[in-house]
Amino acid sequence: MRLEALARAVIADALTKLSLPSPSEGIPVKRPEKAEYGDISSRIAFLLAKELRRPPQGIAQDLVTAVSHPDIASAEAVGGFLNIRLRPVALWRFLREILAEGEGYGGWDLGGGRSLQVEFVSSNPTGPLTVGHGRQAALGDALANLFSALGWEVTREYYLNDEGRQIELLAKSLWARYRQALGEDVPVPEDGYHGDYLVPLGEELAREWGNKYPGWTPEAAEAFRRVAVERMMGMIHEDLAAIGVSFDVWTKEGDLHRRGLVREVFEALREKGVVYEKDGAFWMRSTSYGLPRDPVLIRSDGTPTYLMVDIAYHVDKYRRGFARVIDVQGADHVEEQQQVKLALKILGYPEGFLDYCVHQFVTLKGREGVERMSTRKGKFLRLKDLVDELGRDVVRYFMVRRKPEAHLVFDMELAKKTSMENPVYYVQYAHTRIASIFREAEKRGESLTDHGIREVDLSPLDDPEEIALIKELDRFPDVVRKAAEGYGPHLLCEYLEGLAGIFHPYYNRVRILGQGKATPARLALLTAVKTVLAKGLSLLGVSAPEVM
RNA sequence: GCGCCCGUAGCUCAGUUGGACAGAGCAGCGGCUUCCUAAGCCGCAGGUCGGAGGUUCGAGUCCUCCCGGGCGUACCA
């Protein structure tokens, strides 16, 4: 049992003793910011005050007299709050439980093995991945890890849009580069892809194919489309490999069409009476449901829009048996998201099935020319290049360090620093230091065996920083849960930096080895700290090195 | 114009279901290292939480309006 659970149990017991009602929303407990307010406090008296028509402080005082538990050192009523302080023995027991759980510590069984899909990146194969996609890759992968830790069966999925107008433009842009390589002055289409990355490929095709495609014919379009998509996918795979993200399922847009799903879902919407025809196209009556505009589902040339396919894709996800789907997408897709959600609602799919994790964009501070990135204009920094420069861990960590819905200013200066000013190294180095102590302990014959860890006397852990460390370790599972459910891996960064922030000063001040009875106790504590640091970092997709 | 997001210390940002005098890192200033790695540690200073109303015993947190910034507002994806 952890701190919050213990406090709730103790307070529930006191309420029963006093014949007071227990609030339906549960007993609120919180770790106060100030040490003088104890280890854990509750504002329960405020909740009961209205119902009982008594001042909170009086209720809190009654609770103080009724609270009794061998783990509780003291209870106080201050300004209506009930402040509880624990005996160290309770914390030692928490630590022992953490050690017993080992690497599984921090996990939950909330998912119950149900299947959940995280769809992310899903960048069109029109160019390599940019730094912006890097945020999505890091974010999506971290969320997938977090939901796995919550007990969900997680599938990572990439939606591959390998058809349509953008791909046509890509093909034509590549063809233009190919003609240029043959010495012809063919411009890249105005709204095409102007990035340098197509130049060497155009040269390559010029060598390989010679003057086989002098004009932009259907045959040329097909040939250039095929090779362009293939090569762009190759680059995307390189970028994903660089940042260390892999997918379980790749779904191609073309497959959805071939299965007739798009048509079927369109007809289903039509039967619901939300489709109308205008100017030769078919529109969805979204404004009737409060959305700002009606979107086109089927163009006047008979082809479905991206939205229509997207709706069908999500129907497919439901049929594939996912209990929950989280799409990680950029803020420029918000309207699209509203439309998809509306369509699913009209079709009768459950409300909570689909949810979006929307993130804002990345700007690079300290790098000229790529403040605002655009794949089309060829103004971007390739993800792989950033990873090559900074290392995977740094890129990953920086990308998830801010809450998704806020703009991310990627500080190149800070990211390049290898000192502990760089938060990634600050956290990793805490892990490494502990590993280093363990190696030293081994040398000196002071290290703990697995058996020893279970049996060790923890009572020497009475230093305020040792107590603080245990309390912080005790918080870890809640952080994991909040980071997952709130789509906020940044909370995990905060937590890890905080934990490292207690450890480093402690390490600096307190000797671990050669301290008699205190040594095994401290080694046990550091074992738990190390486990939690490693687990936290791994949830973010960041390594926890033994040596740096 | 309309929709969504953001606006907290010089900078980059946290702030859990509204709660106890508003926090961290960096930058600034001042100290500290014979040690299990100084790729460090300690301390000081710094904010009318964009502005104005409102709800509440209590608002950085909820509601309304305004200001500033971003994104979207395509028969593109």
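Worth knowing before you read on, the calculation uses all heavy atoms, side chains too, and leaves out hydrogens, waters and symmetry mates. In what follows, chains carry the letters A, B, and so on, assigned in the order in which the sequence lines appear, proteins first and then strands, with residues in each chain numbered from 1.
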Whole-angstrom distance between B:rG1 and B:rU8, as gauged at atom P
23 Å
If you look at every strand shown and take non-hydrogen atoms under 4.0 Å, does A:F438 touch a base, only sugar-phosphate, or nothing?
nothing
Distances for protein N or O near nucleotides 12-18 of chain B N or O, under 3.5 Å:
residue : atom : partner : partner atom : Å
B:rU12  : O2'  : A:R402  : NH2          : 2.9
B:rC13  : OP1  : A:H407  : O            : 3.4
B:rC13  : O2'  : A:R402  : NH1          : 2.4
B:rA14  : OP1  : A:K403  : N            : 3.2
B:rA14  : O2'  : A:E494  : OE1          : 2.3
B:rA14  : O2'  : A:E494  : OE2          : 3.0
B:rG15  : OP1  : A:H490  : NE2          : 3.3
B:rU16  : O2'  : A:K482  : NZ           : 3.4
B:rU16  : O2   : A:K482  : NZ           : 3.0

A:F120: which residues meet the ring pair (Phe, Tyr, Trp, His ring centres under 6.0 Å) condition with it, sequence neighbours left out?
A:F247
Polar pair under 3.5 Å, donor/acceptor by atom type, side chain A:S41, base B:rA20
yes
Under the side chain to side chain contact (heavy atoms under 4.5 Å, CB included) rule, collect the residues that match up with A:N161, sequence neighbours excluded.
A:N124, A:Y159, A:E253, A:Y306
Which pairs with one or both residues in residues 395-423 of chain A pass ring-ring contact (aromatic ring centres under 6.0 Å, His included), sequence neighbours excluded?
A:F398-A:F410
Establish whether the base of B:rC75 is bridged to the side chain of A:S300 by a donor-acceptor pair shorter than 3.5 Å.
yes
In chain order, what residues pass the side chain to side chain contact (heavy atoms under 4.5 Å, CB included) check against A:D332, with sequence neighbours excluded?
A:F361
Using both pair distances under 3.5 Å as the test, note the stems of at least 3 consecutive Watson-Crick or G-U pairs that include RNA chain B.
B:1-7 with B:67-73, B:10-13 with B:23-26, B:28-32 with B:40-44, B:50-54 with B:62-66
Could you check whether A:Y426 gets within reach of a base, just the sugar-phosphate, or nothing at all, counting any heavy atom under 4.0 Å?
sugar-phosphate
On a whole-Å scale, what distance lies between the C1' atoms belonging to B:rA14 and B:rG7?
15 Å
Side chain of A:R511 - closest among B:rC4, B:rC36, B:rC41
B:rC36
